[in-house]
Amino acid sequence: MPAGDGMGAAGRPRVGIVCGSRSDFPVMEKAVALLAELGVASELRVMSAHRTPELVTRYAETAAQRGMEVLIAGAGGAAHLAGVLASKTLLPIIGVPIPTQVGGGLDSLLSTVQMPRGVPVATVAIGGAENAALLAAQIMALHDDGLRERLAAWRRRMTEAILADESNAEPLPD
Ligand code: RP5
């Protein structure tokens, strides 16, 4: 399904956000929203390394020709989605380990991050969908000046929000 429209990022999706299950949406929709805030259109899809392996393969093999620049994959448990995508495309893949009942998602983290030499997945923190979106945007900003400026402004707003909170606290001695 298309994602990002109505949130400031219409147009052809540049980032494919893939979930192993609809149950991953509450985490992965944060990536959709942050990319939209940065003016980057994305698409949110559901496919599983184990339950629909042919679909995952076809998605990865056709992603570049469909205009995707980066893929973000969120999966939990035996989380092989990011790795399988990475095995079938040269696009950068960012893995988001989904929180689970096993050590808060330690199973997802290890099965996403422990890729063999030669097939990398850039893995963010457990549940770190927003950082995945930011990293995807930073990759695309290498050849997109407007996006680089929007990222810089986003980071400035983050810093200012923290400093505004801190301005209400007791001043530190010089
Ligand atoms: C993974 O299994 C999915 O990414 C999800 O995090 C987990 C559970 O899936 P459901 O049983 O909720 O479909 O493949």
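Atoms within a ligand are numbered from 1 in the order they appear, just like the ligands themselves. All values below come from the heavy atoms of this structure, side chains included, with hydrogens, waters and symmetry mates left out. Note that the structure is a prediction, hence the values are computed from the model and not measured.
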Quiz item: Which pair of non-hydrogen atoms, one from Gly16 and one from Tyr59, has the smallest distance, and what is that distance?
Solution: CA-OH, 3.4 Å

Quiz item: Pick from Ile17, Val121, Ile72: which one makes a side chain to side chain contact (heavy atoms under 4.5 Å, CB included) with Ile94?
Solution: Ile72

Quiz prompt | Joint cluster assignment, Leu38 & Met28, ILVMFWY side-chain distance < 4.5 Å | solution = yes

Quiz item: Hey, is Arg150 close enough to Glu37 for a salt bridge, meaning N to O under 4.0 Å?
Solution: no

Quiz item: Can you list, by chain and residue number, every protein residue with a non-hydrogen atom closer than 4.0 Å to ligand 1?
Solution: Gly20, Ser21, Ser23, Asp24, Arg51, Ala75, Gly76

Practice problem: Begin from the C-alpha positions of Thr123 and Leu109 and carry the test side chain to side chain contact (heavy atoms under 4.5 Å, CB included) through to its verdict. | Solution: CA-CA 8 Å; Thr123 304; Leu109 173 63; 4.1 Å; yes

Which donor-acceptor pairs under 3.5 Å do the side chains of residues 128-140 make with protein atoms, sequence neighbours left out?
none

